[in-house]
Amino acid sequence: MFKLNLKIAWRNLWKNKGYTLINILGLSIGMASCILIFIFIRYQLSFDENFKNEGRIYRVITSWTAPDSFFESPGTARPLPPAMRNDFRQQFDRVGTIQGGGGIIKVKDASGKESIKTAEDVQYADPDFFEILDFKWLEGNPRQSLSQPNTVVLSDEMANKLFGDWHKAVGQSINFKNKLDLKVTGIIEKTPENSSFPLRIIISYKTYQNQAGPELTSWGSVSSSSECYVLLKKGVSIEDANRSIPQFIDKYYQKDDISKEGHRFQPLRDIHYNEELGNFANKVISKKELYGLAIIGVFLLLTACINFINLATAQAVSRGKEVGVRKVMGSLRRQLIVQFLTETLTITVLSLLVGCVLTEIALPGMQSLFKDHISFSIIEHPIILAFMLVLMILVSFLAGFYPAMVMSGYSPALAIKNKITANAGGLSLRKILVVVQFAITIILIIGTLVVLRQMSYMREKPLGFIPTAVALVDIPSDSIAITRYHTLQDQINKIPGVLSTSYCSAAPSSDFNNESNFRYNSTVNATFQANTKTGDENYFKTFGLAIIAGKGLTKSDTVRNFVVNETMLKKLNVVNYNEALGKTIRVHGKTGTIVGVVKDFNNRSLHEPISPIILNSDKESYTTIAIKLDSKSILPAMQAIEKTWNNVLPEYVYGSTFLDDKISEYYQTEKIMGALFKVFAGVIIFISFIGLFGLISFVATQRTREVAIRKVLGASTVELVKMLNGSFLMMVFIANLVAWPLAYLFVAKWLATFTYRIEVNIWPFILAMIISMTITLITVSIRSYKAAVANTIDALKYE
């Protein structure tokens, strides 16, 4: 029976090749989009899922609460892990710490000659960290390999890079930062791409302790690169640990800090999805974005199914006699439903096959957009095959069930007498479906226009400094390199195209944000923390920062003088900025005098407000030399800078980037969302309008005799086109009215995530209406005009 149904289905589909092509085209594009979205979401949801005790692993988060602000950091004070290890013995099995860092790695060959010199990110970790997160050890184990200072564990990939073969790495030595010889004591398997912990070089935490300064015992200084992880005991809930936090804070933090400092425990599986806190892999995507993608996928599929339903119910009239004859010959309604569903299933299977081809074609572009390895292998990921089967069944049911019910329900007598008309039972639903379809399209058009406007605003908004043509060149900060700072800066300043240079710990806006307690004007600690940055006397000139009171840092300044920003003084209730000049500040254990006030600048992305900022000079904390360039001479100047750098610091590795590139990385998510909206809005527009073209084609065919009679009675071509167009334009107009409030809610909620944002005005909505109405007019008019100019004799000669 199924074979017969399939044969009949194939004949009917081949008979109506045009409508079959439209359905396959719409469904295949919709299904390909859904498959791509599913593959990406599956990949993102797989992050950090392979750790044995993932449900009991948490990261300790530090928070600061002030009367007018709240701030969180993934970092913790350095003395927190041992204190928590002692005070939470009843709640935690393990408390581990990991500290981010970086430096020059050197390896010598058998003859003692330097064979490899490379700049690498490193992490310092204690054995407990690896007992919390169970990485696969190829050689060694956490207790043996990381218990002693000056030991290092490598991933097999890094060991192969440094020694050629990881099997030969254990027992070898590497030099770190030109001053530490580290013995390789273990090898771990390379972490997968879907991991928040891309560990390649792990140095024992005791090595860090031996070289750390006062911050090792300071509870008032927190760096986001210093993280703490805990493993909850079996049978203990995280709420039990949370109840002990107030007592912990009361014990270790100063009394005036209790009201503003706190901790919470972030689940391991939340780390990849929290954009505000981030992770070592710098791979973060919020679950809101994943939900948004899933909704777009549903919209795409719904739009394609609506196309199918509209065309199928419109075609139902032409199949009335077929249904009538089948019923007279004894066919039951359920048999007819199975027949029509078989036709839908045939189209869906063909569409799925075409969709798989389109998915393979589009996959490289999606990988490039998200900068992730996304696999379409159903052997590697069988869940993809399961999804496609579910998708096929779902689409077949959604698209085929209602048309099957309509066509199988025709009265045999009316069907055989050809008294079933296009108005019977389906026209009002088709109008509703067209309105829904175009409302979805218009929402995406408006969303795309708003996202693009916000992105343009972020590119053009003044940040309080000038980020263009500023190169950021990494510099080492050991004692040998510090002695050559003056020589390096002097030689770079002589290069044609170099306008100014400045040593600093970070650019005005950067990922490096060190929050610290401070004391103002010899009073008790302030009730909020400040963002601390260091730079030399050229810092303000190089970055185009404006001093609005006092002066900037001078060449003779060390840690004795400070410059603060406007936000800092506002939060201290200082109205007249000149009154702050000469006042003392104590931060990081160092006391100095305020010598200037800098105009506010954005030190983070536009998602966040400007922080209170303290700037001072400190050679030992410099990690970068910022170089302001003439925009006409960037390429030759950068080549000369690299050559000069290598001549002055031959023992180190050169690395550079541009400030505007770093700032653009803040908005990678918005760029991706903008690209997705453009692509998927285009896809939905295409699906909607090929469906509209198919629908107007069928309506025009049904009304061929009416058009011919009107022409004979004197109707002009323009009047006929207007008659055929009217109902469709009205449906699209109504779709705009439905879409506008929904689109407004969406864009307003999205814009609320930015501290600095555009105002929502009427123009994206008007433009979306113009676009949708124009494309509808063009699409419908092309087919209407063809019907209006058809030969009237051909339409009426059998009457």
Side-chain angles (χ1 to χ4, degrees), residues 62-66 69 71 73 75-80 212-226 252-257 259-261 477 503-508 510 512-537 539-540 545 547 549-554 556-574 577 579-598 600-601 603-604 610-623:
T62 305
S63 63
W64 295 268
T65 304
S69 66
F71 175 73
S73 169
T76 59
R78 273 66 163 200
L80 180 138
E215 69 270 11
L216 202 62
T217 57
S218 171
W219 286 89
S221 179
V222 173
S223 170
S224 59
S225 61
S226 181
Y252 291 103
Y253 291 93
Q254 294 183 17
K255 297 296 182 184
D256 54 7
D257 289 343
S259 62
K260 66 184 180 67
E261 197 144 12
S477 56
Y503 284 110
C504 57
S505 60
S510 77
F512 179 81
N513 288 289
N514 193 17
E515 308 290 329
S516 182
N517 293 331
F518 68 95
R519 182 171 293 186
Y520 172 74
N521 198 25
S522 302
T523 61
V524 297
N525 285 359
T527 58
F528 60 91
Q529 290 200 327
N531 185 286
T532 58
K533 298 180 183 294
T534 59
D536 65 11
E537 69 278 5
Y539 190 83
F540 302 94
L545 295 165
I547 297 293
K551 62 178 182 177
L553 302 170
T554 60
S556 60
D557 291 334
T558 55
V559 293
R560 295 175 297 174
N561 294 336
F562 295 96
V563 172
V564 298
N565 70 341
E566 294 176 274
T567 297
M568 172 89 165
L569 296 182
K570 289 174 185 175
K571 292 178 78 69
L572 289 170
N573 296 317
V574 177
Y577 297 157
E579 291 179 3
L581 302 179
K583 298 293 193 298
T584 60
I585 282 184
R586 182 171 177 81
V587 61
H588 295 313
K590 300 169 183 176
T591 303
T593 303
I594 297 177
V595 296
V597 179
V598 65
D600 271 344
F601 57 87
N603 62 306
R604 292 189 175 93
I610 295 171
S611 302
I613 296 172
I614 301 175
L615 299 108
N616 69 286
S617 297
D618 184 5
K619 275 189 176 182
E620 294 181 356
S621 68
Y622 296 156
T623 59

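In this chain, numbering begins with 1 at the start of the sequence shown. Just the heavy atoms: all of them, side chains too, but no hydrogens, waters or symmetry mates, feed the values below.
Residues forming a side-chain hydrogen bond (donor to acceptor under 3.5 Å, both in side chains) with Thr532 (at least two apart in sequence, or on another chain): His588. With sequence neighbours excluded, the residues that form a salt bridge (charged side-chain N to carboxylate O under 4.0 Å, His left out) with Arg604 are Glu515, Glu608. Residues passing the side-chain hydrogen bond (donor to acceptor under 3.5 Å, both in side chains) test with Ser621 are Thr534, sequence neighbours excluded. Partners of Ser218 according to the side chain to side chain contact (heavy atoms under 4.5 Å, CB included) rule, which considers only residues two or more places apart in sequence or in another chain, are Ser221. Residues meeting the side-chain hydrogen bond (donor to acceptor under 3.5 Å, both in side chains) test with Thr567, sequence neighbours left out: Asp600. Contacts of Phe540 classified as ring pair (Phe, Tyr, Trp, His ring centres under 6.0 Å), with partners at least two apart in sequence or in another chain: none. Judged as a side-chain hydrogen bond (donor to acceptor under 3.5 Å, both in side chains), and not counting sequence neighbours, the contacts of Asp536 are Gln489, Ser502. When the side chain to side chain contact (heavy atoms under 4.5 Å, CB included) test is applied to Ser224, the partners found at least two apart in sequence or on another chain are Ser73, Pro74.
Considering Ile613, Ile547, Val597, Leu545 as possible partners of Val563, the one that fulfils the side chain to side chain contact (heavy atoms under 4.5 Å, CB included) test is Ile547. Among Leu569, Asn521, Val564, Ile594, the single residue meeting the side chain to side chain contact (heavy atoms under 4.5 Å, CB included) criterion with Val574 is Leu569.
Using cut-offs of 30° and 60° for the angle between ring planes, the Tyr252 and Trp219 rings count as parallel.
With rounding to the nearest 0.5 angstrom, the CD1 atom of Ile585 is 9.5 Å from the CG atom of Asn616. Taking CG of Asp618 as the reference point, atom CG of Leu553 lies at 11.5 Å (rounded to 0.5 Å). Taken to the nearest 0.5 Å, the CG atom of Leu615 stands 7.5 Å off from the NZ atom of Lys533. For the atom pair NZ of Lys583 and OH of Tyr520, the computed distance is 5.0 Å after rounding to the nearest 0.5 Å. Summarising the geometry, atom CE belonging to Met568 is positioned 12.5 Å from atom OH belonging to Tyr577; distances are rounded to the nearest 0.5 Å. Taking OH of Tyr622 as the reference point, atom OG of Ser617 lies at 4.0 Å (rounded to 0.5 Å).
Using a 4.5 Å heavy-atom threshold, the side chains of Arg78 and Ser223 count as touching.
Asn565 places a side-chain N or O within donor-acceptor distance of the main-chain N or O of Ser611, the cut-off being under 3.5 Å.
Of all heavy-atom pairs spanning Ala530 and Ile614, the tightest one is CB-CD1, 3.7 Å.
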